[in-house]
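To keep things clear, I will list the structure first and then write my remarks on it.
A quick note: this is a predicted structure, and the numbers were derived from the prediction, not measured.
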Amino acid sequence: MDEIQNNQISRPAPEDEKRSGLRILSDRLKFVVGVGAYVTLIIEVAKTTLQKPPAPSLILKQLFDIGVASLLVVSITGFSTGLVLAAQSFYQLSDKGLASVTGLLVAKAMITELGPVLTGFMVTGRVGAAMCAELGTMKVTEQVDALQTMAVNPNRYLLAPRFIAGIFMIPLLTIFSMFMGIYGGYLISIYFFNMAPTTYFDPMPTHITLFDFTTGIVKSFFFGCLIMTISCYKGMTTTGGAEGVGKSTTQSVVYTYCWILLSNFFLTMGLNLARMQLARMFPVLGYD
Amino acid sequence: MIKIRNLWKRYGKVQVLEGLDLDILTGETIVILGRSGVGKSVLLKHIIGITKPDKGTIDVDGAMVSELSGPALYKAILHMGMLFQGSALFDSMNVEENTAFYLKQHKVCSPEEIKRRVEEALTMVGLEGTEKKMPSELSGGMKKRAALARLVVYRPSILLYDEPTTGLDPITAMHINELIVKTQKELKATSIVVTHDILSALYVGDRLALHKDGKIAYVADPDTFLKIEDPIIEFLRKTISQDPRSFRNRPLA
C-alpha cells in the first residue's frame, strides 16, 4: 500500500509533464530562433558591407587589434607547442630509430592541426572575448541604440570591420604560428637533441604538400569566421546589464571553442575525402 | 508633425503599449509623464524607428518611420536625435570625438567647421576644457551635458529626451532644463521629453501628456493638465504645492 502511495507521489502530475514538455519545446524553439538570428546577422553584415564598405580607418584599427596585438600570444603558443611536440616526438621515436622524422611530424602537426586550432583558441580568448564584452557593454548601455539614432548602421560601423579584419588576420596569424612551431621544434632538436639541421628539414619538402597548407589555411579561415561571428552575435544580443555581459562573454568563448573542435573534425574529414576524390578524378594534378 | 496611431507593443508577457495615439506639433515641446515601466522610453525608441511596433503607425513629417528599415530608415531619421537616460556616450571616444561623431560620420561639414561647431556645442553646455576627457572621467551631470552637446551639435529638427534630469542634483537638473529650452528656441525644433520630474516638465513643456495603461490618457497645456481629475495628476499637483512631509503615512496615487 505504501509502495503504491509512494509511486503515486513520485509520478509527476499530468500538468507537470505538460509543463516540462512545453519547456523542452520552448528551449528547442529558442535554439532554432537563435540559429536563425545568428544566420540573419551574418547575412545582414555581408549585405551591408557589399552595399557600402566600412571606412578603411575602422578596418585598420581592427586589423591592428586582432592581428598585431595578438602576435606575441600566438608566437608564444606556436613556439612552445613546437618545442613540446619536438621533445615528445624525439623521446618517443628515437628508441625506435625514427628520430629523423621529428621535424616532419612537428611540421605536419603544426600546419594541418595545431597551428589553426591553437591560434583559433588563443584569438578566441584574447580577441573574441574582448570583442563580445565590448559589444555587449555597448548594447546594454544603449551605445548601439545611440549609433542608430544618429543614423549610423551598427552592422557597418561595429561588425563589418571586425568580420573583415578577423577573417583576413586569423589565417595570417595561423601561418605565423605554424612557422613559430616549426622553429621551436628546430631549436630544441638542434641545440638539445643534437640533430643535424638537414635531418630536421630534409623530409619536409617531400612530405609537406600543398594540400597540407591548404588544409591549414582553409581551417584558419573557417575558424576566423566562427570566432568573429559568434563573438559579435553574442555581444550584440547581450541583455541584462553587467551580469549579462559576463554571461555572453563566457558563452561566446565556450561556444567558439566547441565549434572550433567540432568543425575541425569535419573539416579534416571533408578536406581529406575531397583530396582523395580529386586525386581519383585528376591523377595528373598529383594531389597525393 | 509626428502622428502616432494605434501603437501596440508587447515584450514577453508584458503589454507595454496598447493602442497609443498621439499627435506632436512641429516646433512644440511636449512632455510625456508617467510612472516607471509604463513604456515612455519604448515610445521614444519607436518614434526614432529603432524599435518596431507590433501594430500601428508612426508618421514623422510624412515618413512612415514604423515601416522603414535599413538605409531608408537611416535617411528618414537623419534630422532626428535622442538624448539617452544613461547618456550612452561612446566609451572608446573622448568628449570631443563623441561630440563630433555625427558630423564626421555623415561628412556634414569641413574639419575646421566640425571643430568650430564642437567647441560651440561644448561651450553651450558648459563643458569647455573637457574635450580630451574620456566618458569614464566625467560625473553623471557632465555626461548628460556631453550627450546633450553630441545631440545639439548637428542641429536636429526633432529632439527626443529620455529622462534628461533623472539622477542629477537640482541645480544641474535646472541647468539641463535651461539647455533644453535654449536648444528648442535656437533650433526651432520639435522636442519630446520623457520625464518623471514634474518641475522639469512644467519648465520645458508647451504641452504635457500622461502615459498610463499603455495609452496617452491626457494631453493638455500645463495649466489645463494640472486641473485634470486623475489620481496621478492629483499627486503631481500636490508635489508642487505641498510640503513633501505632508505625504508621510498617507496613501500615494
Side-chain angles (χ1 to χ4, degrees), chain A residues 22 26 29-30 33 40-41 43-58 60-62 64-65 69 130-131 133-162 235-236 238-242 244-245, chain B residues 11-12 41-42 44-52 63 65 68-93 97-108 135-136 143 146-147 150-154 156 158-163:
Chain A
L22 281 174
S26 150
L29 274 176
K30 266 185 204 163
V33 169
T40 309
L41 182 81
I43 294 168
E44 282 293 320
V45 174
K47 210 168 87 180
T48 315
T49 310
L50 292 174
Q51 277 168 354
K52 188 183 168 193
S57 60
L58 295 173
L60 275 175
K61 186 186 176 301
Q62 292 303 325
F64 182 84
D65 286 351
M131 202 175 274
E134 187 187 356
L135 292 173
T137 306
M138 288 187 77
K139 186 80 189 358
V140 298
T141 56
E142 295 183 310
Q143 291 176 53
V144 175
D145 287 345
L147 273 177
Q148 287 182 286
T149 62
M150 287 192 271
V152 174
N153 187 338
N155 288 346
R156 181 178 298 121
Y157 186 79
L158 295 174
L159 306 191
R162 286 168 168 82
M236 293 300 275
T238 302
T239 51
V245 174
Chain B
Y11 286 105
S41 304
V42 171
L44 288 188
K45 287 183 181 177
H46 275 86
I47 295 172
I48 205 160
I50 59 173
T51 302
K52 296 293 167 207
V65 167
L68 296 175
S69 62
L73 173 69
Y74 293 126
K75 198 179 168 192
I77 64 168
L78 266 175
H79 66 297
M80 297 168 79
M82 181 163 167
L83 179 76
F84 287 84
Q85 189 179 350
S87 305
L89 292 172
F90 303 124
D91 293 332
S92 56
M93 299 177 195
E97 289 161 342
N98 261 290
T99 312
F101 185 80
Y102 179 99
L103 302 176
K104 281 185 181 169
Q105 281 299 310
H106 297 289
K107 298 183 175 72
V108 174
S136 57
K143 278 184 190 169
R150 185 177 68 177
L151 177 64
V152 300
V153 77
Y154 63 93
I158 297 173
L159 296 139
L160 313 179
Y161 300 92
D162 190 4
E163 303 195 19

Give, as side chain, backbone, both or neither, the part of B/I77 having an atom under 4.5 angstrom from any heavy atom of chain A. both
Answer with side chain, backbone, both or neither: which region of B/K75 has an atom nearer than 4.5 Å to a non-hydrogen atom of chain A? neither
Heaviest contributor of heavy-atom pairs below 4.5 Å to chain A, chosen from B/M80, B/Q85, B/R150, is B/R150
A/K61 NZ to B/S92 OG distance, which is reported to the nearest 0.5 Å: 6.5 Å
Between B/L73, B/I48, B/L83, which residue shows the highest count of heavy-atom pairs closer than 4.5 Å to chain A? B/I48
Let's test your reading of the structure: which of A/T48, A/T141, A/N153, A/V144 forms the most heavy-atom pairs below 4.5 Å with chain B? A/N153
Can you check whether A/T149 reaches B/K45 side chain to side chain, under 4.5 Å on heavy atoms? no
What is the minimum heavy-atom distance between B/Y74 and A/P154, and which atoms define it? OH-CD, 3.5 Å
Atom group of A/T137 that falls short of 4.5 Å from chain B, counting heavy atoms: side chain
Between A/Q51 and B/P71, the two heavy atoms sitting closest are OE1-CG, 4.3 Å
Taking the six-membered ring for Trp and the single ring otherwise, decide whether the centroids of B/F90 and A/Y157 are under 6.0 Å apart. no
Taking the side chain as C-beta and beyond, is there a heavy-atom pair between A/E142 and B/M82 under 4.5 Å? no
Check whether any side-chain heavy atom of B/F101 lies under 4.5 Å from a side-chain heavy atom of A/L147, and answer yes or no. yes
The interface call for B/L151 against chain A, heavy-atom contacts under 4.5 Å, is neither
